[in-house]
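The block underneath contains the structure these notes are about, expressed in structure tokens.
What you are looking at is a predicted structure, and each value in this text was computed from that prediction instead of being measured.
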Amino acid sequence: ELVYVTIVHGVQPLDTGDINNPASKSDVTWDTDFDVYSPEMQQFTLDLCSALLDAQGIVRSVEVCWAQQLLSTLSELGLPFPASREDFESATQVAWPAGLRHRHDGGMWSTIYVAGTLEVESSVADMRKHYDRWQEFMETWNEKAASRGVAIGFQTSGLWRRMSTIENMSISVIVAVFISTAFVAVMLAATLRNFVIVGMVLLHVIGVCLALVSVLVLEGRNL
């Protein structure tokens, strides 16, 4: 099973919820700069989808691209692309492009759905490398969007949340090991009053911890 990545336009990547409250939900912050009726935005999205198909190493296929579907419908109607607002409305009455969604304020937002090349069961290290390549791709195209005067977007995937969770848990475990070791050192020093023995015990504990980390690294995991 492959990872699926969604490229979003029309929504700002902001989390307005309380990070200390798991039940707190974030409010959606719309990006009002995104305008599907803009010929520049239509052409930019089509160019982006074409670039995705050429993005070797991270993209297997583009499953949903609203600009490609809009182009197909306009061609069938004998209308030009990019489309004027009137031609856009005519095309969407024939076939609504998948990936375009209405906002409550009357505007729209969009998603481009892409099948990646990464296996879902890949190691966290491989997930991180794949994620970084996706971020690099999006940074490049957001720079192009800014230079062309259209809205920027962001990429997201459920697998990235899994990756981030595992990485954060790993960091927490390492911090806990250091705190626990320091606590044991203080208690032993206060109880035994023999720093040689305390040092030997701590070296043993540290050796066990390093052995565990080594095993994880050899398995291809990234802490």
Side-chain angles (χ1 to χ4, degrees), residues 2-17 25-56 58-77 79-118 130-161:
L2 297 174
V3 61
Y4 282 87
V5 177
T6 303
I7 297 177
V8 182
H9 286 91
V11 179
Q12 296 185 22
L14 301 176
D15 186 355
T16 59
K25 295 183 179 180
S26 177
D27 296 324
V28 177
T29 304
W30 301 115
D31 182 1
T32 55
D33 291 335
F34 177 68
D35 181 12
V36 295
Y37 298 111
S38 164
E40 291 79 14
M41 190 71 233
Q42 295 173 27
Q43 185 62 58
F44 173 81
T45 305
L46 185 65
D47 295 343
L48 172 60
C49 293
S50 297
L52 284 167
L53 291 172
D54 294 333
Q56 298 180 355
I58 61 173
V59 176
R60 177 68 58 86
S61 62
V62 177
E63 303 294 310
V64 174
C65 176
W66 66 268
Q68 289 179 341
Q69 294 187 27
L70 177 63
L71 171 62
S72 177
T73 304
L74 288 168
S75 298
E76 292 175 1
L77 296 175
L79 298 174
F81 181 93
S84 63
R85 188 184 185 99
E86 181 181 358
D87 289 346
F88 185 97
E89 296 289 355
S90 298
T92 53
Q93 288 177 6
V94 174
W96 185 263
L100 278 184
R101 296 171 173 80
H102 286 285
R103 303 197 310 250
H104 60 77
D105 61 356
M108 297 185 197
W109 64 287
S110 75
T111 56
I112 300 172
Y113 199 52
V114 182
T117 57
L118 182 71
H130 207 73
Y131 170 83
D132 289 342
R133 293 185 65 183
W134 267 104
Q135 283 296 92
E136 182 180 352
F137 176 87
M138 288 305 303
E139 288 172 3
T140 298
W141 276 88
N142 280 338
E143 290 176 0
K144 293 181 179 181
S147 67
R148 292 167 66 168
V150 297
I152 65 174
F154 64 93
Q155 60 91 12
T156 183
S157 173
L159 196 64
W160 305 154
R161 290 192 294 272

**Message:** Rounded to the nearest 0.5 Å, what separates atom OG1 in Thr92 from atom CD in Gln69?
**Reply:** 12.5 Å
**Request:** Kindly check if the number of other-residue, nucleotide or ligand heavy atoms within 6.0 Å of CD (Glu89) is above 12?
**Result:** yes
**Prompt:** So which pairs with a foot in residues 91-109 pass salt bridge (charged side-chain N to carboxylate O under 4.0 Å, His left out), sequence neighbours left out?
**Reply:** Arg103-Asp105
Using a 3.5 Å cut-off and no angle test, enumerate the donor-acceptor pairs between side-chain atoms of residues 148-159 and protein atoms at least two apart in sequence or in another chain.
residue : atom : partner : partner atom : Å
Arg148  : NH1  : Asp47   : OD2          : 3.3
Arg148  : NH2  : Asp47   : OD2          : 2.9
Gln155  : OE1  : Trp160  : NE1          : 2.7
Gln155  : NE2  : Gln135  : OE1          : 2.8
Ser157  : OG   : Tyr4    : O            : 3.0
Ser157  : OG   : Leu159  : N            : 3.2

**Request:** Check side chain to side chain donor-acceptor pair (under 3.5 Å) between Trp30 and all other residues, then give those that pass, not counting sequence neighbours.
**Result:** His104
**Item:** Side chain proximity check, His9 to Leu48, heavy atoms < 4.5 angstrom
**Value:** yes
**Ser110 versus Leu100, closest heavy-atom pair with distance** = CB-CD2, 3.7 Å
**Interatomic spacing from CZ in Phe34 to OG1 in Thr45 - rounded to 0.5 Å** = 6.0 Å
**Closest non-hydrogen atom pair between Leu2 and Gly116, with its separation** = CD1-O, 3.4 Å
**Request:** Sequence neighbours left out, what passes salt bridge (Lys or Arg N to Asp or Glu O under 4.0 Å) with Asp132? Give chain and number order.
**Result:** Arg128
**Complete:** Residues passing the salt bridge (Lys or Arg N to Asp or Glu O under 4.0 Å) test with Asp33, sequence neighbours excluded, are none
**Item:** Rounded distance [0.5 Å steps], CD1 in Ile58 versus CG in Leu52
**Value:** 7.0 Å
**Asked** Is there a donor-acceptor contact under 3.5 Å from the side chain of Gln42 to the main chain of Ala83?
**Response** yes
**Flag side-chain contact, heavy atom, 4.5 Å: Ile7 against Trp134** = yes
**Request:** Show your reasoning for whether side-chain contact (heavy atoms from CB on, under 4.5 Å) applies to Thr117 and His130.
**Result:** CA-CA 9 Å; Thr117 57; His130 207 73; 3.1 Å; yes
**Message:** What's the separation between atom CG in Asp35 and atom CE in Met41, rounded to the nearest 0.5 Å?
**Reply:** 9.0 Å
**Request:** Can you measure from OG (Ser147) to CD (Glu143) and round to the nearest 0.5 angstrom?
**Result:** 8.5 Å
**Prompt:** Does some side-chain heavy atom of Val59 sit less than 4.5 Å from a side-chain heavy atom of Phe137?
**Reply:** no
**Prompt:** Would you find a donor on one side and an acceptor on the other, under 3.5 Å apart, between the side chain of Gln68 and the backbone of Leu46?
**Reply:** no
**Asked** When rounded to the nearest 0.5 angstrom, what is the spacing between OG in Ser72 and CG in Leu77?
**Response** 9.5 Å
**Request:** Specify the closest pair of heavy atoms between Thr73 and Ala91, including all atoms of both residues, with the distance to one decimal.
**Result:** CG2-O, 3.5 Å
**Message:** Holding to side chain to side chain donor-acceptor pair (under 3.5 Å), I want the full list of residues that pass it with Glu40, two or more places apart in sequence or in another chain.
**Reply:** Ser38
**Prompt:** Taking C-beta and beyond as the side chain, do Thr111 and Val64 meet within less than 4.5 Å on heavy atoms?
**Reply:** no
**Request:** Check the pair Trp66, Val36 against side-chain contact (heavy atoms from CB on, under 4.5 Å), reporting the backbone distance first and the verdict last.
**Result:** CA-CA 10 Å; Trp66 66 268; Val36 295; 4.2 Å; yes
